[in-house]
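A short write-up of the structure that comes next.
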Amino acid sequence: MLIDDILEIIASENRIPSAENGELEQFISFTEHGDFSTNAAFSLSKTLKKNPMEVASALASSISSPAVLRSEAVKPGFVNVLFNDRALIKEISNISKDEIWGAKHKKNKKVNIEFVSANPTGPLVLVNARAGIAGNALCRIMNYSGYEAVSETYVNDTGNQVRNLGASILHHIAVKKPDFPENGYRGSYIKDIAEKIKTKHPSLEWSDENINLCAEEGKRIILAWQKESLKRFGISFDSWIFESDIRRDFLRKTEKMLRDKGYVYESEGASFLKTTLFNDDKDRVIYKSNGEMTYFLPDIAYHFYKAERGFDRIIDILGPDHHGYTSRIKASLMMLYPKKEFDIIIAQIVTLLKNNEKYEMSKRSGDFISMDELADEIDPDVIKFLVLSRKLSQPFNFDIEKAKETTMENPVYYVQYAYARLSSLMKNASVKDCSDISYSFEGFDDPSLRKIASKLLEFPYTVYSIANNYEIQKLPNYAVSLSALIHSYYHDNRIITDDRDSTMKRIAVLFAARRILKISFEMMGITVKERMDKNEV
RNA sequence: GCGCCUGUAGCUCAAUUGGAUAGAGCAACGGAUUUCUAAUCCGUAGGUUACAGGUUCGAUUCCUGUCAGGCGCACCA
């Protein structure tokens with residue numbers, strides 16, 4: 001790519017050692033001062049112990065390429081680069097000829113992204129939707145950026161919560177029974193499941209055996225139900241891991257590894273893991289004094305299982321209730337796999353507002369808003385775009401009335417409309433693919449058209465940066481700002497005219513812009529619409 | 001009490017991770033259309049980035065303190 005070529009020149013001319021794996025990418029930015037800028041001189045000046053401006057001048061003059069019209073050092077030490085129009089036009093044709101222009105070559109780095117990971121004890125709620133939407137997008141972003149990313153979810157299909165589920169269901173079936181279980185699930189869906197089970201087993205006594213039966217049946221039903229919910233949002237996983245399988249196949253090995261390394265000790269009848277050695281507040285119990293295992297050991301086993309499968313980077317997207325949990329799981333991975341990159345992203349709470357009322361969402365209370373209920377009311381595209389527009393680490397206020405009623409609050413229509421406009425232009429100009437376009441023109445003769453072309457260069461670098469810092473909101477932000485340029489240009493200019501040369505220039509740039517929008521929509525999981533029908537809303 | 005996160009326009013959020021004049025949308029006001037779909041565009045107004053110090057070429061961003069809010073702090077999962 002155009003910018004990559006220049007970065008390579010900068011790196012080799014100035015003997016920047018860390019410039020190999022595209023390290024220079026982090027020093028580029030896109031402003032009004034050129035097609036791109038770099039502040040590399042500032043950090044370089046520290047290692048060279050020279051004046052930043054001096055370094056910048058050297059950088060600027062080292063850039064000699066036929067593609068570059070001007071490269072200049074300014075004020076404190078920025079270097080601004082402006083391409084000549086021919087080079088930009090060439091890049092426009094590259095964008096148009098490539099289905100996924102900008103995607104990096106695979107660098108053989110395997111990434112595992114885990115998200116949603118819910119108990120099969122109730123409907124999925126809004127945080128699950130948030131994590132799911134973001135996780136899928138992140139997975140595509142990382143694949144585009146040269147990683148081999150896999151999306152994964154973990155099903156906690158054993159343990160107390162599942163037993164509580166069984167007891168809650170059986171309580172609706174058995175005639176003679178104790179009080180409703182203390183930590184039981186009270187949602188109305190429990191009753192529905194009980195009714196379903198009744199058709200197969202009309203009468204069940206209160207017994208451990210039948211609690212298990214109800215738990216197994218309930219789990220199956222809820223899991224299928226959760227899968228349907230995920231499908232409505234287009235959320236999918238490359239792999240499903242079940243806690244029961246981990247316990248069966250990997251638990252003993254994990255415990256042995258930890259004990260062999262001397263990280264386990266006994267105290268007051270319980271077994272502790274020395275997580276404080278790796279920055280945890282206190283050591284954590286893996287076996288209680290009554291001999292029971294805590295949830296912690298299977299979770300470690302699961303993470304070890306990820307590491308064993310050869311992933312170089314492991315990413316967990318967790319709900320806000322896992323805040324205090326991150327340091328201990330990090331510590332356990334440090335014990336045996338210190339070389340693995342391990343990142344935990346906390347997806348903050350989603351608060352649903354409706355007419356300024358706050359909805360509480362808890363599986364226990366039975367009074368919650370599920371993913372499904374949200375999808376019933378609001379176009380999933382709207383939800384996806386809104387969810388992706390915010391930093392995951394920020395709490396998210398979702399106003400259901402705004403999302404539904406005022407379409408102006410929904411930038412997703414803004415970007416989809418930009419795409420639809422371009423599509424209808426291509427149709428009117430009888431352009432099906434890039435072979436219908438000539439790229440033999442010399443210049444843009446219109447700054448705003450050139451600006452759109454220049455904006456397209458930015459796209460890959462926006463995506464790469466998300467792969468590093470997980471700030472997914474940059475993707476929708478980019479789509480909005482590109483769409484703004486498109487809408488503005490469209491409004492000011494008649495695209496298709498009798499002047500064939502000028503028509504072709506415009507179509508060439510807009511075809512490429514449409515391609516970039518499409519790639520970004522697919523990353524976000526937003527529907528790509530060739531036309532927008534007003535009565536749809 | 002301890003830990004993590006947050007505090008930016010009236011509201012919801014950005015700001016390319018320490019960069020150039022802090023930007024969008026909504027709400028307010030004024031304008032543009034016999035449309036290649038106005039779900040659009042252009043303009044006006046709105047800010048001591050919670051507060052006080054510090055670090056340096058440069059701070060919304062990093063450090064310290066204060067104030068305010070959210071979340072998490074089990075031999076629960």
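Naming: A, B, ... by sequence-line order, numbering from 1 per chain. The model shown is predicted, which means the values in this text are computed figures rather than measured ones.
Along RNA chain B, the nucleotide nearest A:Ala270 and the nucleotide nearest A:Asn493 are compared for position; the residue whose nucleotide lies closer to the 5' end is A:Asn493. Toward the 5' end of RNA chain B, the nearer of the two residues A:Val79 and A:Ala484, judged by each one's closest nucleotide, is A:Val79.
Stem regions annotated for RNA chain B: B:1-7 with B:67-73, B:10-13 with B:23-26, B:28-32 with B:40-44, B:50-54 with B:62-66, counting only runs of 3 or more consecutive pairs of Watson-Crick or G-U type with both contacts under 3.5 Å.
B:U48 takes the anti form, because its glycosidic angle lies more than 90° either side of 0.
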Under 3.5 Å between N/O atoms: give me all the protein pairs with nucleotides 2-6 of chain B, atom names plus distance.
residue: B:C4; atom: O2'; partner: A:His323; partner atom: NE2; Å: 2.9

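Contact of A:Ser37 with B:A20 (side chain to base): a donor-acceptor pair of N or O atoms is detected under 3.5 Å. Counting atom types as modelled, A:Asn469 pairs a side-chain N or O with a base atom of B:U17 as donor and acceptor under 3.5 Å. Scanning atom types as modelled, no donor and acceptor separated by under 3.5 angstrom connect the side chain of A:Tyr417 and the base of B:A39.
Judged by distance alone, the side chain of A:Asn410 and the main-chain N or O of A:Val412 form no donor-acceptor pair under 3.5 Å.
Ring stacking holds between A:His33 and B:A20, with the centres under 5.5 Å apart and the planes within 30 degrees of each other. Using a 5.5 Å limit on the distance between ring centres and a 30° limit on the angle between planes, the aromatic ring of A:Phe78 counts as stacked on the six-membered base ring of B:A20.
Distance CD1 (A:Ile344) to P (B:G72): 17 Å, rounded to an integer number of Å. One interatomic measurement links the two molecules: NZ of A:Lys474 to P of B:U16, which rounds to 6 Å at whole-angstrom precision. Whole-Å rounding puts the A:Glu72 CD to B:A20 C1' distance at 13 Å.
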Distance-only donor-acceptor pairs under 3.5 Å for side chains of residues 448-455 of chain A, two or more places apart:
residue: A:Ser448; atom: OG; partner: A:Asp446; partner atom: OD1; Å: 2.9
residue: A:Arg450; atom: NE; partner: A:Asp85; partner atom: OD1; Å: 2.9
residue: A:Arg450; atom: NH1; partner: A:Asp35; partner atom: OD1; Å: 3.0
residue: A:Arg450; atom: NH2; partner: A:Asp35; partner atom: OD2; Å: 3.0
residue: A:Arg450; atom: NH2; partner: A:Phe83; partner atom: O; Å: 2.7
residue: A:Ser454; atom: OG; partner: A:Asp35; partner atom: OD1; Å: 2.8
residue: A:Lys455; atom: NZ; partner: A:Glu458; partner atom: OE1; Å: 3.3
residue: A:Lys455; atom: NZ; partner: A:Ser481; partner atom: OG; Å: 3.1

